[in-house]
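Counting starts at 1 for both ligands and their atoms, in listed order.
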Amino acid sequence: MILILLGPPGAGKGTQSQRLEKQYGLKQISTGDMLRAEVARQSDIGVQAKTLMESGQLVPDQMIIDIIARRITDKDCENGFILDGFPRTIQQAQSLDALFESQGKAIDHVIELTVDDDAMVKRISGRYTCAKCGEGYHDEFLKPEKDGVCNHCGSTDFTRRSDDNAETVKSRLQEYHQKTAPISDYYKTEGVLRTVDGMAPIDKVTEEMSGILG
Ligand code: AP5
């Protein structure tokens, strides 16, 4: 199965991807995580991406298309994958279609999480992840079962993203509405788009998505 998750920053794409990954055995491919890994190892891509990411702007289309083209041919994608954070422009969506056509693949579902922008600042400023396994948490909405200990791997080391501040979130939301939101119509025309209320509690959102995926 190939699933694309759409939605503004903080909509819950990463949170739901992690759950669906476990439930359906699909590989989560997060372009944000991949770019952050490039920044951490100070590769050429990372150096180019860092300033753009820190100011809340998208990285160039061709850079991310090349990354995705390589990643989806990896062995762990054979049973299907979830694209979390890609595509983000019409050009990326068109390139993905061309790529899939050349590889004999097809999109099964595109799910858009609809949310209120105002609530996203609170979500993003409370977000943190396990530094060891990447499991996502929130200060208020998703706490570990045992305070300060990751549910998934037991680590006590957590991290917060450098672009998770109120000012950068505003630019990220602007970029989303200007460049990414038009993708909904693109996928509506292709007949694969479904929407889910991303303002519902996390478990309810997962339930709704599972209902669509079957
Ligand atoms: P990326 O890492 O993709 O960030 P984003 O799209 O801004 O999305 P987020 O990760 O902030 O939000 P999310 O929807 O995953 O929310 P989450 O589930 O964590 O991209 C970062 C940057 O990389 C971009 O700005 C750009 O520069 C670059 N980039 C990446 N891909 C690119 C591309 N294709 N093209 C060009 N540039 C690209 O949830 C947030 C918090 O809310 C969590 O703490 C969670 O616990 C909580 N939460 C989730 N759901 C709920 C709920 N239903 N109720 C209450 N709380 C909830």
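- Contact annotation: the side chain of Gln28 approaches that of Gln18 to within less than 4.5 Å [non-hydrogen atoms, C-beta and beyond].
- Of the protein's heavy atoms, Thr15 OG1, 2.5 Å lies nearest to atom 18 (O) of ligand 1.
- Not one N or O of Leu142 is nearer than 3.5 Å to an N or O of ligand 1, by distance alone.
- The two residues Arg123 and Ala11 make their nearest non-hydrogen contact at NH1-O, 3.2 Å.
- Considering only non-hydrogen atoms, atom 47 (C) of ligand 1 lies nearest to His138 out of Met63, His138, Glu54, Met34.
- Close approach of ligand 1 to Ile64 (heavy-atom distance below 4.0 Å) involves ligand atoms 33 (C), 34 (N), 35 (N).
- Residues Asp76 and Arg71 are in side-chain contact: their nearest non-hydrogen atoms beyond the backbone lie under 4.5 Å apart.
- Atoms of ligand 1 found under 4.0 Å from any heavy atom of Pro8 (numbered from 1 in listed order, with element): 14 (O).
- Judged purely by distance below 3.5 Å, without hydrogens or angles, the side chains of Ser55 and Gln57 pair a donor atom with an acceptor atom.
- When each atom of ligand 1 is checked for a heavy atom of Leu35 under 4.0 Å away, the hits are 23 (O), 28 (C), 29 (N), 30 (C), 38 (C).
- Ligand 1 lies out of reach of Gly126, whose nearest heavy atom is not under 4.0 Å from it.
- The N/O atoms of Ala200, backbone and side chain alike, include one that comes under 3.5 Å of an N/O atom in ligand 1.
- Residue Lys13 places at least one N or O, backbone or side chain, under 3.5 Å from an N or O of ligand 1.
- Here the CD-CG distance, from Gln91 to Asp61, works out to 4.0 Å after rounding to the nearest 0.5 Å.
- Remark: ligand 1 atoms within the under-4.0 Å shell around heavy atoms of Arg36 are 2 (O), 21 (C).
- Closest to atom 34 (N) of ligand 1, if we only count protein heavy atoms, is Gly85 O, 2.9 Å.
- Some N or O of Gly10 is nearer than 3.5 Å to an N or O of ligand 1, by distance alone.
- With respect to Asp116 and Lys122, no salt bridge is recorded, no charged nitrogen being found less than 4.0 Å from a carboxylate O.
- In Arg19, neither the side chain nor the backbone holds a heavy atom less than 4.0 Å from any atom of ligand 1.
- Of the candidates Gln91, Gln92, Gln18, Arg172, the one placing a heavy atom closest to atom 25 (O) of ligand 1 is Arg172.
- Neither the backbone nor the side chain of Met199 has any atom closer than 4.0 Å to an atom of ligand 1 (non-hydrogen atoms only).
- Under the 4.5 Å side-chain criterion, counting only non-hydrogen atoms from C-beta, Met53 is in contact with Val59.
- Near Thr31, meaning under 4.0 Å from any of its heavy atoms, are these atoms of ligand 1: 30 (C), 31 (N), 32 (C), 34 (N).
- The shell of residues lying under 4.0 angstrom from ligand 1, judged by heavy atoms, excludes Lys204.
- Taking 4.5 Å as the limit, every side-chain heavy atom of Met120 sits out of range of all side-chain heavy atoms of Pro9.
- Following chains of ILVMFWY side-chain contacts shorter than 4.5 Å, one cannot reach Ile90 starting from Leu58, and the two form parts of different hydrophobic clusters.
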Could you walk me through whether Gln62 and Asp66 pass the side-chain hydrogen bond (donor to acceptor under 3.5 Å, both in side chains) check?
CA-CA 6 Å; Gln62 201 54 50; Asp66 291 345; 3.0 Å; yes
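- The shortest N or O to N or O distance between Gly12 and ligand 1 is under 3.5 Å.
- No side-chain heavy atom of Phe141 sits under 4.5 Å from any side-chain heavy atom of Pro201.
- Of all the atoms in ligand 1, the ones that sit under 4.0 Å from a non-hydrogen atom of Gly14 are 13 (P), 15 (O), 18 (O).
- Under the 4.0 Å criterion applied to side-chain N and carboxylate O atoms, Arg172 and Glu175 are not assigned as salt-bridge partners.
- Considering backbone and side-chain atoms alike, Asp84 places every N or O at 3.5 Å or more from each N or O of ligand 1.
- Of the polar atoms of Leu58, none of the N or O atoms is found under 3.5 Å from an N or O of ligand 1, judged by distance alone.
- Selection from Met53, Met120, Arg88, Arg161 by nearest heavy atom to atom 32 (C) of ligand 1 gives Arg88.
- For ligand 1, the atoms lying closer than 4.0 Å to a non-hydrogen atom of Gln57 are 26 (C), 27 (O).
- Here Val59 has heavy atoms under 4.0 Å from ligand 1 in both its backbone and its side chain.
- Any N or O atom pair closer than 3.5 Å counts here, and Asp33 shares no such pair with ligand 1.
- Residues Phe86 and Ile65 meet the side-chain proximity criterion, which asks for heavy atoms closer than 4.5 Å.
- Aromatic ring pairs are classed by plane angle as parallel below 30°, tilted from 30° to 60° and perpendicular above 60°; the pair Phe100 and Phe81 is tilted.
- The shortest side-chain heavy-atom distance between Met34 and Ile64 does not fall under the 4.5 Å cut-off.
- Inter-residue side-chain proximity for Leu52 and Pro60 is flagged as met; some heavy-atom pair is nearer than 4.5 Å.
- Considering backbone and side-chain N/O atoms, Leu52 never comes within less than 3.5 Å of an N/O atom of ligand 1.
- For ligand 1, the atoms closer than 4.0 angstrom to any heavy atom of Phe141 are 55 (C), 56 (N).
- With atom 9 (P) of ligand 1 as the reference point, the heavy atom nearest to it among Arg123, Arg127, Lys122, Lys179 is part of Arg127.
- In terms of polar-atom proximity, defined here as any N/O pair under 3.5 Å, Tyr137 does make such a contact with ligand 1.
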Which side-chain N or O atoms in residues 186-200 pair as donor and acceptor under 3.5 Å with protein atoms at least two apart or in another chain?
{"from": "Tyr186", "atom 1": "OH", "to": "Asp97", "atom 2": "OD2", "distance (Å)": "2.5"}
{"from": "Thr189", "atom 1": "OG1", "to": "Asp185", "atom 2": "O", "distance (Å)": "2.7"}
{"from": "Asp197", "atom 1": "OD1", "to": "Met199", "atom 2": "N", "distance (Å)": "2.9"}

